[in-house]
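Remarks on the structure that follows.
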Amino acid sequence: MIAVLKTGTTQKQIDSLIGWIESQGLSVHLSAGEYQTIVGLIGDTTKIDEDLLQSLDIVETVKRISEPFKSANRKFHPDNTVVSVENTSVGGNIFAVMAGPCSVESEEQVIEIAKAVKAAGATMLRGGAFKPRTSPYDFQGLKAEGIEYLLEAKKITGLPIVTEIMNAAHLPLFENVDVIQVGARNMQNFELLKELGRTNKPILLKRGMSATIKEWLMSAEYIMAGGNENIILCERGIRSFDAQYTRNVLDLSAIPVLHELTHLPVIVDPSHATGASRLVKPMAMAAAACGADGLMIEVHNNPRAALCDGPQSLTPEQFADVMESVAPFITK
């Protein structure tokens, strides 16, 4: 349920209303926009008399929300959320581009790639320190050492860093990480999401490989329920029956749908979605054209020798070409 307040409502009146709502055993989500203030009622709203709420002098209208995701719902928060990350942002007028290697392999490697992607226009450096792999015998990442290499690359280039967390116990290692990524395999790791909800770090939440849009937004709700509203959604393709030509099916229709449903920014990962470097450029262009707030692209200085996901990684030169090709579709 939401209550849209009348223009001119004072802070004292808002505080009084919030106090009454909380006395009914509900939580409150307040969205104060430039032209409108919305009070979201979260919990069992059946105990609230809708007519009584509507009759209050400061209330313009009352609406019931049927979707189970409340905090992530655009009806609760009509204005687009802009997630600030160091000296840049996601969801505002800047088209965010997170680029870098699937796995951090050495200090020299990640610094070289960081310099190259920054020169091409990337706004953040992505790199895997902890790597979830299907096989237990595959390279699992450099872990804490990898994070240190990312931080050194940030020191040299100034690019904020994005890297994936696997376990809530690792949170102390992410103290200086700018954006914590939750991968597709952990999208419904609810205990991890709860812990991330207690932080104030921006969270990049990737769509699970078989997740519906509703399930994805409910995972965002887990984080937001803990108090952390700095969430970036990332479409990275969903599993289907045809894996011969692409690794996943990139659901670009999810981008405009999400912009209708939620105020959270949405980016696209064409690298994991397609699994093939030759397909990254057209899918990146399509993602920008359909309204994505940014891209996440894997870049490696020597893809053939990459320890992880070489076939989907671009060379720095190919990445620069993608950035030039995407530019005409960015209307922000």
Could E164 and K206 be called an ion pair, given the rule that one side-chain N must be under 4.0 Å from one carboxylate O? no
Among the clusters formed by ILVMFWY side chains lying less than 4.5 Å apart, do M283 and I330 turn up in the same one? yes
When you measure from the side chain of Q109 to the backbone N and O of V104, does any donor-acceptor pair fall under 3.5 Å? no
Check: E235 side chain, A273 main-chain N or O, donor-acceptor pair, under 3.5 Å: no
Closest non-hydrogen atom pair between N248 and I238, with its separation: CB-O, 3.5 Å
Atom of P265, atom of D293 and distance for their closest heavy-atom approach: CA-OD2, 3.4 Å
If we ignore hydrogens and angles and just use 3.5 Å, is the side chain of S271 paired with the main-chain N or O of E298 as donor and acceptor? yes
Taking only Lys NZ, Arg NE, NH1 and NH2, and the carboxylate oxygens of Asp or Glu, determine whether R126 and D269 approach each other closer than 4.0 Å. no
In terms of heavy-atom contacts, does NZ of K6 have more than 12 from other residues, nucleotides or ligands at under 6.0 Å? yes
Identify the two heavy atoms, one from S71 and one from I42, that lie closest to each other, and give their separation to 0.1 Å. OG-CD1, 3.7 Å
Is atom NZ of K115 surrounded by more than 12 heavy atoms (other residues, nucleotides or ligands) closer than 6.0 Å? no
Does R247 reach the side chain of T274, with side-chain heavy atoms less than 4.5 Å apart? no
Test side chain to side chain contact (heavy atoms under 4.5 Å, CB included) on F174 and T163; report intermediate values, then the result. CA-CA 9 Å; F174 286 72; T163 194; 3.5 Å; yes
Supply the atom-to-atom distance L250 CG to L279 CG, rounded to the nearest 0.5 angstrom. 10.5 Å
Taking all heavy atoms of V326 and all of A288, pick out the closest pair and write down the distance. CG1-CB, 3.7 Å
Any donor and acceptor pair, going by atom type alone, linking the side chain of Q244 with main-chain N or O of T246 inside 3.5 Å? no
Closer than 3.5 angstrom, by distance alone: can the side chain of H29 be matched with the main-chain N or O of K70 as a donor-acceptor pair? no
Is a side-chain donor-acceptor pair under 3.5 Å present for E105 with H300? yes
Within the side chain of T212, is there an N or O that forms a donor-acceptor pair under 3.5 Å with the backbone of E215? yes
So do the side chains of M187 and L193 get within less than 4.5 Å of each other, counting heavy atoms only? no
Evaluate L233 against L217 for side chain to side chain contact (heavy atoms under 4.5 Å, CB included), listing each step before the verdict. CA-CA 9 Å; L233 301 174; L217 287 174; 3.9 Å; yes
Side-chain touch V182/N189, heavy atoms, less than 4.5 angstrom: no
Please assess E229 against T81 for the test side chain to side chain contact (heavy atoms under 4.5 Å, CB included), listing each intermediate value before the final yes or no. CA-CA 9 Å; E229 299 187 356; T81 287; 6.0 Å; no
Should V90 and V179 count as side-chain neighbours, where that means a heavy-atom distance under 4.5 Å? no
Is it the case that atom CG in D44 sees more than 12 heavy atoms from other parts of the structure closer than 6.0 Å? yes
Geometric class of the F190/Y222 ring pair [parallel <30°, tilted 30-60°, perpendicular >60°]: parallel
So, taking the atom named CG in D251 and the one named CZ in R236, what distance separates them when rounded to the nearest 0.5 Å? 12.0 Å
Check whether any side-chain heavy atom of E148 sits under 4.5 Å from a side-chain heavy atom of E152, and report yes or no. no
For D242, I'd like to know if atom CG has over 12 heavy atoms of other residues, nucleotides or ligands within 6.0 Å. yes
Is there a donor-acceptor contact under 3.5 Å from the side chain of T262 to the main chain of L258? no
Hey, does H272 have a side-chain heavy atom less than 4.5 Å from the side chain of D309? yes
Under 6.0 Å from the CD atom of E175, do we count more than 12 heavy atoms belonging to anything else shown? no
Connected via hydrophobic side-chain network under 4.5 Å: M224 and V28: no
If Ile, Leu, Val, Met, Phe, Trp and Tyr residues are connected whenever their side-chain heavy atoms lie under 4.5 Å apart, and connections chain through other members, are L150 and V85 in the same group? no
State yes or no: do I2 and V59 share one hydrophobic cluster built from I, L, V, M, F, W and Y residues joined by side-chain heavy-atom distances below 4.5 Å, directly or via other members? no
Spell out, yes or no, whether I38 and W20 are grouped together once hydrophobic residues are joined by side-chain heavy atoms under 4.5 Å, including indirect joins. no
Enclosure of K47 NZ (heavy-atom neighbours >12, cutoff 6.0 Å): yes
Distance (rounded to the nearest 0.5 Å) between I113 CD1 and T315 OG1: 10.5 Å
With a 3.5 Å distance limit and no angle check, can you tell me whether R198 reaches the backbone of G226 through a side-chain donor-acceptor pair? no
Residue pair A96 / T123: nearest heavy atoms and the distance that separates them: CA-OG1, 3.6 Å
Near R64 CZ, under 6.0 Å, is it more than 12 heavy atoms from other residues, nucleotides or ligands? yes
Just verifying a value: how many Å separate L5 CG and D57 CG, rounded to the nearest 0.5 Å? 12.0 Å
Return the CG to CD distance between D178 and E86, rounded to the nearest 0.5 Å. 4.5 Å
Indicate yes or no: at least one non-hydrogen side-chain atom of P68 is less than 4.5 angstrom from one of E221. no
Look at the side chain of K118 and the backbone N and O of T157, then say whether any donor-acceptor pair between them is shorter than 3.5 Å. yes
Once rounded to the nearest 0.5 Å, what's the spacing between atom CD1 of I21 and atom OG of S27? 10.5 Å
Taking L196's backbone N and O only, do any of them form a donor-acceptor pair with N228's side chain (distance below 3.5 Å, no angle check)? yes
All heavy atoms of P202 vs all of V83, minimum pair found to be CB-CG1, 3.7 Å
With side chain to side chain contact (heavy atoms under 4.5 Å, CB included) as the test, would you mind laying out the steps for K154 and N176 before giving the verdict? CA-CA 11 Å; K154 175 186 176 180; N176 296 314; over 6 Å; no
Non-hydrogen side-chain atoms of T37 and I14 separated by less than 4.5 Å: yes
